[in-house]
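A note on names: the letters A, B, ... follow the listed sequences, proteins ahead of strands, and every chain is numbered from 1. As the structure is a prediction and not an experimental result, all values here were calculated from the model.
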Number of protein chains: 2
Amino acid sequence: MPTTSPRTLQPRKTPVQERSAATVDAILQAAIQVLVSVGKERLTTTLVAMRAGVSVGTLYQYFPNKSALLQASLKRHMHGVSTSVDHICKEYRSASLLTMGAALIDAYLSAKMRNVKESAALYSVSSDLDGLAIAKAAGARGRRVVAELFATASEGLTKDPEIVATMVMAALNGVSRRLLEAKSPERELAPLREELLVLVRGYLLTCIATKPAI
Amino acid sequence: MPTTSPRTLQPRKTPVQERSAATVDAILQAAIQVLVSVGKERLTTTLVAMRAGVSVGTLYQYFPNKSALLQASLKRHMHGVSTSVDHICKEYRSASLLTMGAALIDAYLSAKMRNVKESAALYSVSSDLDGLAIAKAAGARGRRVVAELFATASEGLTKDPEIVATMVMAALNGVSRRLLEAKSPERELAPLREELLVLVRGYLLTCIATKPAI
DNA sequence: TCCAAAGCTGAAGGTTCCTTCATCTAAACA
DNA sequence: TGTTTAGATGAAGGAACCTTCAGCTTTGGA
């Protein structure tokens, strides 16, 4: 019977044996697969369990409800992208602003393009009420990290790093989305990435006092 | 009983008397209101009908199913934005590229910001399977119209108008989205619009041969 | 080898909500 | 005023699907 879903969205059981960790992983992967193949509207917990090769009951041992399952999938995906961005944010501290911009674009786009179908399918999760909060949080976090990176730019910013980060990430998101909903994202990647570099470079040049030769 | 929904998403009855046209309008408005207040997940046809001050049966006289209702709402919203963009695309033919860019930003942002809650709520509709097709089509159309506009720029483009339009619209979309999911979009509008102008101007300057003074 | 804990099962309960249709009311028109 | 047609009603049918739980199987250690 559908109860009023408990607001705790943590797994109800934490894996202790190794096999159950594998089960959780299988369920999470299956959720993505089902999402990709039938879409969020027609995704059912039974379908996900089947795809994972377990029974529904097992699914509910690790996720209190369907929404929690979807949120976990989204978090996992977001975490992958965050990790990529975090990584280059550490690597490029104190570099030149244009280098940072280029590295950011590369990292973000390749993370999103690693699995196109998955990234595209998760947009539907990130726009319902539960998913939106996660997406917003991830966005805010990314913005903060990138702003901190920009603040270390060797040239020195003439603007608030926060707003510069906001604009760059917004442009990046806009292009990613456009890319992911294209008929053939792979084909469009190269030209759009190139052009995005131009866009971001042109903008970043307005954020520093002295303009470098290239 | 839920039948296999007919794939024709046209209204099943075309209003002939004036009152029924008013009814359709009320239903469409109510759909938006319910969407804003409870979200797509908890929107039900009965709720929409109640809000519109009619019975469910009436709703089903004009929309074959729930999905069609949502699609009609989305189309209506998209059409509003399209109209704004189309309008400035006619008005600014043969103007300078930078003028076009500024006008486009103004038109697009003010159309989206006219009703913030509505625009934000409709993102959830435009990411399910049915809505996505509509959103994609609207995006493609917008891109085409803007590319045609850019092609008339007085300076003459050094790049494919299509890709220039793609980038500008992607950036515009990215910033809109960021704006609409902010805690207080109204407060952020002015600074982000300003910065978006800088971003787009910087980019458009790379798309023409001779650079104007300002 | 045996037991306790962890993990797994899946039929069934129960709720939600879409959709229909027989019937009623209002409008247009002769 | 009577008739026809458009428009509106809302209770009820019934599909879909989330979630539970009593019992079964597997694992790991004593």
Side-chain angles (χ1 to χ4, degrees), chain A residues 1-28 30-31 34-35 38-73 128 130, chain B residues 1-28 30-31 34-35 38-73 128 130:
Chain A
M1 64 200 84
T3 57
T4 61
S5 44
R7 286 292 58 171
T8 156
L9 295 171
Q10 298 308 312
R12 44 179 55 162
K13 178 183 288 190
T14 315
V16 290
Q17 294 179 14
E18 199 173 313
R19 63 173 166 157
S20 74
T23 301
V24 171
D25 204 76
I27 292 172
L28 248 13
V34 172
L35 205 56
V38 308
K40 190 192 155 200
E41 313 294 301
R42 285 196 274 278
L43 176 146
T44 71
T45 49
T46 309
L47 218 49
V48 171
M50 273 181 54
R51 189 83 174 222
V54 298
S55 75
V56 230
T58 299
L59 188 156
Y60 277 89
Q61 222 143 28
Y62 299 104
F63 302 94
N65 51 49
K66 184 184 169 183
S67 174
L69 170 64
L70 256 13
Q71 285 183 57
S73 303
D128 77 35
D130 300 318
Chain B
M1 68 199 86
T3 57
T4 61
S5 46
R7 285 293 57 170
T8 154
L9 293 171
Q10 297 310 310
R12 43 179 55 161
K13 178 183 289 189
T14 315
V16 291
Q17 293 179 16
E18 199 173 313
R19 62 172 167 155
S20 74
T23 300
V24 171
D25 204 75
I27 292 172
L28 247 15
V34 171
L35 205 56
V38 308
K40 189 192 156 202
E41 313 294 301
R42 285 196 275 280
L43 176 147
T44 71
T45 48
T46 309
L47 218 51
V48 172
M50 271 181 56
R51 189 83 175 222
V54 298
S55 75
V56 231
T58 299
L59 188 156
Y60 277 89
Q61 219 143 29
Y62 299 103
F63 301 94
N65 51 47
K66 184 184 167 182
S67 173
L69 171 63
L70 257 13
Q71 285 183 58
S73 303
D128 76 36
D130 299 318

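Atoms OH and CD1, from A/Y60 and A/I27 in turn, are 11.0 Å apart once rounded to the nearest 0.5 Å.
Side-chain contact between B/L70 and B/D130 is absent, with no heavy-atom pair separated by less than 4.5 Å. Between B/L47 and B/R42 the shortest side-chain heavy-atom distance does not fall below 4.5 Å. Looking at heavy atoms from C-beta onward, A/D128 lies in side-chain contact with A/K40 at the 4.5 angstrom threshold. B/F63 is listed as a side-chain neighbour of B/L28, based on a closest heavy-atom distance under 4.5 Å.
For A/E41 and D/dA16, the CD to C1' distance is 14 Å, given to the nearest whole Å. Rounded to whole Å, atom P of D/dC18 lies 18 Å from atom CD of A/Q61. Atom CG in A/N65 sits roughly 18 Å away from atom P in C/dT15 (whole-Å rounding). Atom CD1 in B/I27 sits about 14 Å away from atom P in C/dT19, given to the nearest Å. Rounded to whole Å, the distance from CG on A/L47 to C1' on D/dA16 is 13 Å. The distance from atom CG of A/L59 to atom P of D/dT19 is 10 Å, rounded to the nearest whole Å.
Nearest to the side chain of A/R19, among C/dA27, D/dT26, C/dA11, sits D/dT26. In the set D/dA8, D/dT19, C/dG10, the nucleotide with an atom closest to the side chain of A/S55 is C/dG10. Between D/dT26, D/dT20, D/dG10, one nucleotide has an atom nearer to the side chain of A/Y60 than all others, and that is D/dT20. Closest to the B/T45 side chain, of the nucleotides D/dT20, C/dC8, C/dC18, is C/dC18. For B/T44, whose side chain is taken as the heavy atoms from C-beta onward, the closest listed nucleotide among C/dC18, D/dA8, C/dG7 is C/dC18.
The phosphate of C/dG7 has OP1 or OP2 within less than 4.0 Å of a side-chain N or O from A/S20. Residue A/T23 places at least one side-chain N or O under 4.0 Å from the OP1 or OP2 atom of C/dC8. Put simply, B/T46 has no side-chain N or O that comes within less than 4.0 Å of OP1 or OP2 on C/dC17. The phosphate of D/dA8 (OP1 or OP2) has a side-chain N or O of B/Y62 nearer than 4.0 angstrom.
The residue B/V54 sits close only to the backbone: its heavy atoms come under 4.0 Å of sugar-phosphate atoms, none of a base. Nucleic acid contact class of A/L43 (heavy atoms, under 4.0 Å, all strands): sugar-phosphate only.
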